[in-house]
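Note that these values count all heavy atoms, side chains included, but never hydrogens, waters or copies made by symmetry. Every chain is numbered from 1, with letters handed out A, B, ... down the list of sequences.
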Amino acid sequence: MELTTLTYAVVGASFALYIGIAFWSKAQGTGDFYVAGKHVHPVANGMATAADWMSAASFISMAGLIAFLGYDGSVYLMGWTGGYVLLALLLAPYLRKFGKYTVPEFIGERYYSQTARVVAVICLIVISFTYVAGQMRGVGIVFSRFLNVDITTGLLVGMGVVFFYAVLGGMKGITYTQVAQYCVLIFAYTVPAVFVSLQVTGVAIPQIAFGSTVADGGAWLLTTLDRIVTDLGFPAYTDGTKSGIDVFFITLALMIGTAGLPHVVVRFFTVPRVRDARISAGYALLFIAILYTPAPGVGAIARLNLTTTMQTGPVGAPDGNLVYEERPQWFRTWEETGLLSFTDHNADGRIQYYNDANPEFAERAAEFGWAGNELTVDRDIIVLANPEIAGLPNWVVALVAAGGIAAALSTAAGLLLVISAAISHDITKGVIAPRISEKRELLIGRISAGVAILMAGYLGYDPPGFVAQVVAFAFGIAAASLFPAILLGIFSRRVNREGAVAGMLVGFIFTVSYIVYFKFGVSPAYGNDPANWLFGISPEGIGALGAMLNLGVAVAVSAVTARPPETVRELVDHIRTPGDQRRAQDDA
Amino acid sequence: MKDGGYWRANLRLVAGCLAVWFVVSFGCGILFVDLLNEIPLGGFRLGFWFAQQGSIYVFLVLIFFYAWRIGRLDREYGVEEEDDHA
């Protein structure tokens with residue numbers, strides 16, 4: 001069958017499945033709408049969390065990022081998985097014991113303050129909208145490449161599907177569609193990963209292929225890759241170029257940020273018991289690792305394939321480079337999208353792909369008659385083009401398209417739900433109109449989900465030029481604002497209202513200012529350059545420092561202001577034990 | 001707290017797990033990566049392997065270990081959930 005028709009069939013079938021689930025799991029009340037009635041099995045919740053968490057960035061971009069960053073790409077692998085350890089050990093079980101509906105609700109009650117609750121809502125909305133705009137964009141890209149429709153139509157269809165199951169089913173609908181979406185995306189990721197591993201190394205498991213030998217020649221994959229890329233002036237694949245301190249802080253910021261992302265945290269409100277929350281975090285990481293552990297292998301193989309496709313012979317030999325007219329079919333397809341492009345600087349009709357930013361290599365390049373790098377590759381195509389590069393059948397290509405859309409939609413839906421819950425439950429019910437009936441609250445929740453979808457769609461259609469740049473925002477702000485407030489709320493009985501509000505504000509303002517200062521060129525005299533960074537920490541890693549500031553300020557301010565009331569200390573004791581303490585007290 | 005030492009036991013367990021969490025990622029994968037890279041592990045350099053594979057496997061084991069161990073502490077200190085609680 002022709003590729004476009006096949007892709008329509010596969011993507012259409014997956015949409016029909018999501019909509020069917022939405023009908024089956026319609027939300028009956030606010031409990032269903034916010035936390036799926038707390039009836040979600042821990043394994044199902046683990047799967048839903050994995051889909052919720054793995055966005056278009058994980059599915060489409062991550063392997064490509066690692067392919068071009070090499071060792072430096074480790075920050076994403078460790079950062080986006082290590083956060084689950086923090087979540088499982090420090091937050092999830094206690095928040096489940098708290099047993100209410102939203103993250104700001106916890107912060108508001110623990111710090112006996114509407115101000116704290118409103119500050120938390122503001123942080124949550126900034127984090128979630130930043131994140132959701134990127135998802136809608138991802139849906140648009142997949143549609144335009146694989147279904148030959150323009151990005152606007154793609155966006156409208158995506159918005160329509162999310163609208164249907166998020167507004168109708170709330171958290172309950174989202175949970176079960178996310179389980180289905182996880183299955184679609186993981187199958188779509190694994191099949192091409194296994195095939196390319198087999199082709200290049202003869203080993204079917206990407207995690208092992210990564211450390212195996214290449215099929216012809218017998219040298220280790222990574223050793224071969226190091227040699228090939230350094231021959232072309234690139235840094236060795238297994239060495240980094242970022243400074244140690246920056247790698248450290250970026251990893252830490254991503255870990256803390258992951259644990260503080262509201263749409264991830266809230267998933268652990270949906271399981272029946274505290275012990276389900278603990279084990280469910282383990283299942284979540286297991287399902288995530290099924291995509292995250294093959295990703296670096298896929299990246300390394302893709303980098304090898306790409307480089308050897310262009311550099312067909314010895315470096316510097318007149319006929320050592322691919323003739324442009326003889327380029328493979330996938331090259332032509334992706335050229336049309338503009339994500340891959342060739343400029344013949346030295347007019348020899350061949351493609352020279354090398355690092356022209358390396359001054360030590362410039363002299364050799366000049367000797368070869370090379371006049372600059374001639375190939376521009378967008379890292380996002382690595383995963384999407386993988387099946388075509390490996391020459392896999394069309395149904396696999398169609399599946400990857402459905403997988404990319406599943407990853408983007410599942411994350412978008414989770415984000416939209418926390419936004420709507422913050423508006424209907426925290427702002428409307430919590431602050432403006434506490435006496436509102438459940439039915440009205442549910443209606444407001446549905447309306448705000450609908451409005452949030454329209455706004456997200458608009459952001460995806462007309463992204464502010466800096467969308468790609470503000471990804472660091474979401475993690476940095478989550479790390480610097482929400483995570484420390486929740487952590488202290490559980491592990492300290494002394495931190496009070498004044499401390500928490502001051503800490504969140506300082507962390508939020510510091511992190512946002514630092515990122516804006518360097519990312520948006522507020523001061524051209526001080527560019528986004530390692531020499532100008534505070535302690536050598538890049539804007540991507542500054543959230544970790546913001547989190548430390550938040551903790552320090554919260555503890556210091558609390559020390560000089562009044563203790564929290566007795567009821568709050570009782571609340572802290574209550575959430576610290578899974579069952580009630582009656583029996584323990586009898587023993588004592 | 002009137003819990004007969006449950007919270008302190010939990011804090012010790014969490015601290016131990018987080019020490020491992022820190023050592024495999026920030027230790028082996030970042031701070032001592034160059035040193036460990038001298039050691040080959042099949043086709044990997046060990047530090048690189050920890051950074052891109054090993055740390056994730058250890059994270060997984062840690063979460064399941066914690067869930068199992070804290071479940072035992074719950075019962076030891078008599079603070080586990082009632083089953084009809086669900």
Subject >> Minimum heavy-atom distance A:A88-B:I63, with the two atoms named >> reply: CB-CG2, 3.6 Å
Original post:
Could you give the distance from OH (B:Y6) to OG1 (A:T577), rounded to the nearest 0.5 Å?
Top reply: 7.0 Å
**OP:** Return the minimal non-hydrogen interatomic distance between A:A289 and B:I56, and the atom names on each side.
**Re:** CB-CG2, 3.9 Å
Original post:
Quick one: which residues of residues 12-20 of chain B reach chain A at under 4.5 angstrom, heavy atoms only?
Top reply: B:V14, B:C17, B:L18
Original post:
Closest approach of A:G73 and B:Q52, non-hydrogen atoms and distance?
Top reply: C-NE2, 4.3 Å
Subject >> Heavy-atom neighbours of A:F68 CZ exceed 12 at 6.0 Å >> reply: yes
Subject >> Pair A:F248 + B:F26: ring centers closer than 6.0 Å >> reply: yes
**OP:** Take atom CZ of B:R8 as the centre, draw a 6.0 Å sphere, and report whether it contains more than 12 heavy atoms from other residues, nucleotides or ligands.
**Re:** no
Subject >> Proximity breakdown for A:F249 and chain B, heavy-atom pairs closer than 4.5 Å >> reply: neither
**OP:** Can you tell which part of B:S25 gets under 4.5 Å to a heavy atom of chain A, answering side chain, backbone, both or neither?
**Re:** both
Original post:
Which pair of heavy atoms, one from B:G29 and one from A:Y71, lies closest together, and at what distance?
Top reply: O-OH, 2.6 Å
**OP:** Heavy-atom distances under 4.5 Å only: say whether A:F210 touches chain B with side chain, backbone, both or neither.
**Re:** both
Original post:
What part of B:L11 is in contact with chain A, defined as an atom under 4.5 angstrom from a non-hydrogen atom: side chain, backbone, both or neither?
Top reply: side chain
Subject >> Close aromatic pair by centroid cut-off 6.0 Å: B:W7 and A:F491 >> reply: yes
Original post:
Which answer fits B:F22, side chain, backbone, both or neither, if we ask what part of it has an atom under 4.5 Å from a heavy atom of chain A?
Top reply: side chain
**OP:** Please tell me if the side chains of A:W220 and B:F44 come closer than 4.5 Å, counting only heavy atoms from C-beta onward.
**Re:** no
**OP:** Any chance you could measure B:F59, atom CZ, to A:M255, atom CE, to the nearest 0.5 Å?
**Re:** 4.0 Å
Original post:
Among A:I288, A:V247, A:L87, A:I208, which has the most heavy-atom pairs under 4.5 Å with chain B?
Top reply: A:V247
Subject >> Contacting region of A:L221 [heavy-atom separation from chain B under 4.5 Å] >> reply: neither
Original post:
Is it the side chain or the backbone of B:Y66 that comes within 4.5 Å of chain A heavy atoms, both, or neither?
Top reply: side chain
Subject >> CD1 on B:I30 to CE on A:M78, rounded to 0.5 Å >> reply: 4.0 Å
**OP:** Sort out for me which of B:N37, B:V33, B:D34 touches chain A most, counting heavy-atom pairs under 4.5 Å.
**Re:** B:V33
Original post:
Is there side-chain contact between B:Q53 and A:Y292, with at least one heavy-atom pair below 4.5 Å?
Top reply: no
**OP:** Measure the CZ-OG1 distance between B:F48 and A:T238 for me, rounded to the nearest 0.5 Å.
**Re:** 6.0 Å
Original post:
If you tally heavy-atom pairs under 4.5 Å against chain B, which of A:T213, A:D239, A:V75 wins?
Top reply: A:D239
Subject >> Heavy-atom pair with the smallest gap, counting every atom of B:E81 and A:R273 >> reply: OE2-CB, 3.0 Å
